[in-house]
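Have a look at the structure below before the remarks.
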Amino acid sequence: VQLQASGGGLVQAGGSLRLSCAASGRTFSSSGMGWFRQAPGKEREFVAAISWSGSNTYYADSVKGRFTISRDNAKNTVYLQMNSLKPEDTAVYYCAAGAVYGYRSYGSYDYWGQGTQVTVSS
């Protein structure tokens, strides 16, 4: 099973990026998927998650209203649209899959991608 994250990069404050995470090796259409991030010197933190059907989404307070998570089960892919980016959003972003509950919890996910760097300059 592989989760391949992409779409990171360098952007100015106020800009936008769209992260993608494509899963291969098995389907995740019946489980939750999410995004976490880790800044230098900090613990990995929850960013956003989406239920298996896409009907329920969850966000950290720090990104609510700016980030949107979505998924395409036909493509086995989850997305994170990030708008109005701030320097404090700078981190390595990790996608995760396989959660059946506790979507905000790091330990609820069975599979992790390799991470993609997002850098927001001021």
Side-chain angles (χ1 to χ4, degrees):
V1 177
Q2 273 195 326
L3 298 178
Q4 183 68 44
S6 62
L10 173 64
V11 64
Q12 288 189 332
S16 299
L17 284 174
R18 188 192 194 208
L19 305 184
S20 299
C21 177
S24 60
R26 59 155 285 184
T27 179
F28 291 102
S29 59
S30 60
S31 63
M33 301 182 77
W35 289 92
F36 290 72
R37 67 187 181 187
Q38 188 166 19
K42 295 187 177 181
E43 295 186 350
R44 193 171 297 191
E45 65 173 0
F46 169 76
V47 176
I50 188 166
S51 62
W52 68 272
S53 65
S55 58
N56 294 300
T57 56
Y58 310 85
Y59 297 95
D61 288 343
S62 59
V63 307
K64 200 173 296 182
R66 300 187 297 122
F67 291 10
T68 302
I69 189 170
S70 61
R71 67 189 295 167
D72 185 337
N73 285 341
K75 295 182 178 179
N76 221 17
T77 299
V78 63
Y79 306 96
L80 185 68
Q81 177 67 43
M82 305 186 294
N83 298 329
S84 302
L85 282 161
K86 304 175 180 180
E88 50 264 44
D89 294 318
T90 295
V92 177
Y93 283 70
Y94 297 89
C95 62
V100 293
Y101 57 85
Y103 292 162
R104 296 176 182 270
S105 175
Y106 174 91
S108 297
Y109 294 85
D110 297 321
Y111 303 97
W112 291 84
Q114 84 289 1
T116 184
Q117 176 71 47
V118 171
T119 303
V120 184
S121 63
S122 57

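No more than 12 heavy-atom neighbours from other residues, nucleotides or ligands sit within 6.0 angstrom of CH2 on Trp52. Within a 6.0 Å radius of CD in Glu45, more than 12 heavy atoms belonging to other residues, nucleotides or ligands are found.
With rounding to the nearest 0.5 Å, the separation of OG1 in Thr68 from CE in Met82 is 11.0 Å. Rounded to the nearest 0.5 Å, atoms CD (Gln114) and SG (Cys21) are 8.0 Å apart. To the nearest 0.5 Å, the span separating CZ on Phe46 from CZ on Arg37 amounts to 11.0 Å. Separation of atoms CD (Gln117) and CG (Leu10) is listed at 9.5 Å; rounding is to 0.5 Å. Put simply, CZ on Phe67 and OG1 on Thr57 are 14.0 Å apart, with the number rounded to the nearest 0.5 Å. Atom NZ in Lys86 sits 8.0 Å away from atom OG in Ser84 (nearest 0.5 Å).
Stacking of Arg104 on the aromatic ring of Tyr58 is not recorded, the 6.0 Å distance cut-off and the 45° axial limit not both being met. Cation-pi geometry between Arg44 and Tyr94 is met: under 6.0 angstrom from the ring centre, within 45 degrees of the axis.
Remark: the backbone N or O of Ala22 is not paired with any side-chain donor or acceptor of Asn76 at under 3.5 angstrom. Between the Thr77 side chain and the Lys75 main chain, a donor and an acceptor come within less than 3.5 Å of each other. Without hydrogens or angle criteria, Ser20 side chain to Ser6 main chain gives no donor-acceptor distance under 3.5 Å. A donor-acceptor contact shorter than 3.5 Å is absent between the side chain of Gln38 and the backbone of Ala91.
Using a 4.5 Å heavy-atom threshold, the side chains of Ser16 and Gln81 count as touching. Side chains of Ser108 and Tyr103 form no contact here, defined as non-hydrogen atoms less than 4.5 Å apart. Residues Leu19 and Val118 are in side-chain contact: their nearest non-hydrogen atoms beyond the backbone lie under 4.5 Å apart.
Listed here is the closest heavy atom pair of Ala23 and Leu3: CB-CD2, 3.3 Å. When all heavy atoms of Trp35 and Ile69 are compared, the pair lying nearest together is CD1-CD1, 3.7 Å. Nearest heavy-atom pair, Thr116 versus Gly7, reported as atom, atom and distance to 0.1 Å: OG1-N, 4.3 Å. Between Thr90 and Ala39 the shortest heavy-atom distance is O-CB, 3.7 Å. For Arg71 against Ser29, the heavy-atom pair with the smallest separation is NH2-CA, 3.9 Å. What you find for Ala48 and Leu80 is that their closest heavy atoms are CB-CD1, 4.1 Å.
Both Leu85 and Tyr59 are assigned to one and the same hydrophobic cluster, defined by single-linkage of ILVMFWY side chains at heavy-atom distances under 4.5 Å. If you chain together hydrophobic residues whose side chains sit under 4.5 Å apart, Leu17 and Tyr93 fall into the same group. Follow the hydrophobic side-chain contacts under 4.5 Å out from Val100 and you never reach Ile50; the two are in separate clusters. Placement of Val11 and Val92 in two distinct hydrophobic clusters is found when ILVMFWY residues are connected by side-chain heavy-atom separations under 4.5 Å, directly or transitively.
The aromatic rings of Phe36 and Tyr109 sit perpendicular to each other, their planes meeting at more than 60°, with 30° as the lower class boundary.
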